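This report refers to the structure that appears directly beneath it.
Remember, it's a predicted structure, so these values are computed and weren't measured experimentally. Whatever order the structure lists ligands and atoms in, that order sets their numbers, starting from 1.
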Amino acid sequence: MSCSVLGIGLAGFGTVGSGVWKILEEHGRLIESRSQGSAAMEIRKIAVRDLSKKREGNTPAELFTTSLMEVVENPSVDIVVELIGGTEAAFDLVTKALKAGKPVVTGNKALLAERGTELFAISKETNTPIYFEAAVAGGIPIIKAVQQSLVGNQIESIAGIINGTSNYILQRMTEAGLSYPEALKEAKDLGYAEADETLDVNGWDAAHKAIILGSIAHGFLINYKNVYVRGIEKVTPLDIQFASDLGYVVKLLSLVIANKDGGIEIRTQPSFLSKTHILASVHDVFNAVAIKGDHLGESLFYGRGAGQGPTASSVVSDLVEATRGSETNMGFLPYKKTGDLVDIDDTATSYYVRFSVTDRPGVIADIASVLAKHEIGISGTHSPVDADNPDAEFVEMVFLLHTCPFGRLKLALAEVENLDCLTNRPVVFRIEAL
Ligand code: NAP
Ligand code: HSE
């Protein structure tokens, strides 16, 4: 863009939007001098829902409006920053900005993962870029790393812990023995979870981010409808304890793996990870993304994946990037129409399966014979006796299973469920070797 001062229209002045204001107030001059004067910026319009709310910082009242469209239409605005969240109003706003030839910066992963196909098409048609560093892993500069720094590599795998709230909840369940509701309450009280925590705990916030990472790594927009997603809502302290007994931790892992046949596996689910793996030591609300490139080898990106400062820092880096923009700097444009996503049933790992069974002779043999019929090998079992109740009528029986396709495991478990010894549905976790 070639403006002497970049006029910013800020849609949203919540956690992240007000953080952008703060950074520009505090470091505007520094940013300008770092870019030899080319990155002078000024916020010229701010849209919010409620004009009566008290706002952080010295924000002049005349900048505020409740009209999102005014942010785009204001002639002094050169670039639109979308930080309102959601996929409806945000989509209309971004579309309008692009069609007006005004580049967009957004931190909205749901918008890009679910409606990116439409938005990037408009971006291409109008030759107007969308920048989105803040959409994945907050303050970690992972988008620019994949798009720019690693451009000379085929990306073989991406393994991420990219939802801070889930990571915090699982850690508190593991280390403090809290139940899921107790740990969730703590995450909400500390302000980690979103006001509506649904997407945090049902896996979709992480999945949206994985879709974006997979799309930029492989050059086509991954259709979110074909992505396998499970959240942490049903993880129990019992499985966390058994994981620990067996040398694992439970983490909400997002994986994008390019397999040997050129297919892309993508999944987000709570998984068993060896305690010795580097991602096992990612604690609290921190994020980490491990990337393997064919020439790079492995690289780990670690840092704060959420919160005002880290996320606003990424938004500001995109604003500076926009001031450096040239005709060819389009943020990101897909360069392939489609790619081959591997069906989840065809993806193979080893597994932890917990069966709740009636304690009678022959139970293990009954289950093992169904697994054998489906050619699924058992690498170990685990069945601790309840010290408080050694003569319990029901027991928890854990089987560790050799690598097999998920579809085959599902068929076998459907058959096991018909056995009269089962008192509950089996609980399954993938064991990710990474
Ligand atoms: P937030 O605190 O809820 O703030 C949202 C802001 O948007 C508020 O100022 C709100 O106005 C305004 N707004 C919402 N709908 C509007 C509408 N229809 N018209 C005008 N203004 C509207 O959200 P946030 O945490 O800053 O997140 C913003 C975006 O960044 C989201 O897409 C989120 O997923 C993404 N993100 C957030 C984080 C994080 O750590 N928070 C990290 C990475 C990415 P009022 O103030 O009047 O309510
Ligand atoms: N709620 C998200 C998280 C915010 O916990 O990771 C950052 O996207």
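- Considering only non-hydrogen protein atoms, atom 4 (C) of ligand 2 sits nearest to Glu194 OE2, 3.4 Å.
- For Lys99, the salt bridge (charged side-chain N to carboxylate O under 4.0 Å, His left out) test picks out no residue, with sequence neighbours left out.
- Residue contacts with ligand 1 do not include Glu82, since none of its heavy atoms lies under 4.0 Å from the ligand.
- For ligand 1, the atoms closer than 4.0 angstrom to any heavy atom of Ala306 are 40 (O).
- Within ligand 2, the atoms closer than 4.0 Å to a non-hydrogen atom of Asp200 are 1 (N), 2 (C), 3 (C), 5 (O), numbered from 1 in the order shown.
- Note that atom 19 (N) of ligand 1 has protein non-hydrogen atoms nearby, at separations under 4.0 angstrom.
- Across Tyr248, Tyr351, Phe242, Tyr352, a single residue satisfies ring-ring contact (aromatic ring centres under 6.0 Å, His included) together with Phe429, and that is Tyr352.
- Proximity of Asn287 to ligand 2, defined as any heavy-atom pair under 4.0 Å, is not found for any part of the residue.
- Using 4.0 Å as the threshold, Lys209 has a heavy atom nearer than that to some atom of ligand 2.
- The protein non-hydrogen atom at the shortest distance from atom 3 (C) of ligand 2 is Asn163 ND2, 3.4 Å.
- The presence of a protein heavy atom under 4.0 Å from atom 23 (O) of ligand 1 is ruled out.
- Judged by distance alone, with hydrogens and angles left aside, the side-chain atoms of Lys251 form a donor-acceptor pair with the main-chain N or O of Val282 at under 3.5 Å.
- Put simply, the side chain of Asp78 gets close to the backbone of Gly7: a donor and an acceptor are under 3.5 Å apart.
- For ligand 2, the polar-atom distance check finds no N/O of Ala306 at less than 3.5 Å from any of the ligand's N/O atoms.
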- Message: Using the rule given for side chain to side chain contact (heavy atoms under 4.5 Å, CB included), can you reason through Leu400 versus Ile431, listing the C-alpha separation, both sets of side-chain angles and the distance that settles it, and then say yes or no?
- Response: CA-CA 9 Å; Leu400 298 177; Ile431 302 175; 4.1 Å; yes

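- In this structure, Gly138 has no heavy atom closer than 4.0 Å to ligand 1.
- Each of the following atoms of ligand 2 lies closer than 4.0 Å to a heavy atom of Gly164: 3 (C), 5 (O), 6 (O).
- Between the side chains of Thr276 and Ser274, a donor-acceptor pair is found at a separation under 3.5 Å.
- Polar contact with ligand 1: absent for Ala89 (N/O pair, distance under 3.5 Å).
- Taken to the nearest 0.5 Å, the CD1 atom of Ile169 stands 8.0 Å off from the CD atom of Glu197.
- When Gly107, Ala47, Ser67 are checked for heavy-atom proximity to atom 35 (C) of ligand 1, Gly107 turns out nearest.
- A heavy-atom separation below 4.0 Å is found between Gly305 and ligand 2.
- Rounding to the nearest 0.5 angstrom, the gap separating the CD1 atom in Ile257 from the OG1 atom in Thr349 is 9.0 Å.
- Electrostatic pairing of Lys292 and Glu298 does not count as a salt bridge here, judged by no charged N lying under 4.0 Å from a carboxylate O.
- Per-residue contacts place Ala134 under 4.0 angstrom from the following atoms of ligand 1 (heavy atoms of the residue considered): 43 (C), 44 (C).
- The atoms of ligand 1 that sit less than 4.0 Å from any heavy atom of Lys53 are 45 (P), 46 (O), 47 (O), 48 (O).
- Geometrically, ligand 1 and Phe13 share a nitrogen or oxygen pair separated by less than 3.5 Å.
- Considering only non-hydrogen protein atoms, atom 42 (C) of ligand 1 sits nearest to Thr311 OG1, 3.3 Å.
- The backbone and the side chain of Thr165 each have at least one atom closer than 4.0 Å to an atom of ligand 2 (non-hydrogen atoms only).
- Here's the thing with Val16: one of its N/O atoms is less than 3.5 angstrom from an N/O atom of ligand 1.
- For ligand 1 and Asp50, the ligand atoms under 4.0 Å from any heavy atom of the residue are 47 (O).
- Using a 4.0 Å cut-off between charged nitrogen and carboxylate oxygen, Glu118 and Arg115 count as a salt-bridge pair.
- A salt bridge between Arg267 and Glu265 is present, with a side-chain N of the basic residue lying under 4.0 Å from a carboxylate O of the acidic one.
- For atom 8 (O) of ligand 2, the closest heavy atom belonging to the protein is Lys109 NZ, 2.6 Å.
- Under a 4.0 angstrom heavy-atom cut-off, Gln308 registers as lying outside contact with ligand 1.
- For ligand 1, none of its N or O atoms has an N or O atom of Leu68 under 3.5 Å away.
- In this structure a side-chain-to-backbone donor-acceptor pair under 3.5 Å is missing from Tyr131 to Phe332.
- Remark: ligand 1 and Arg49 share an N or O pair separated by less than 3.5 Å (distance only, no angle test).
- Looking at residues two or more places apart in sequence or on another chain, you find a side chain to side chain contact (heavy atoms under 4.5 Å, CB included) between Ser76 and Arg44, Asn74.
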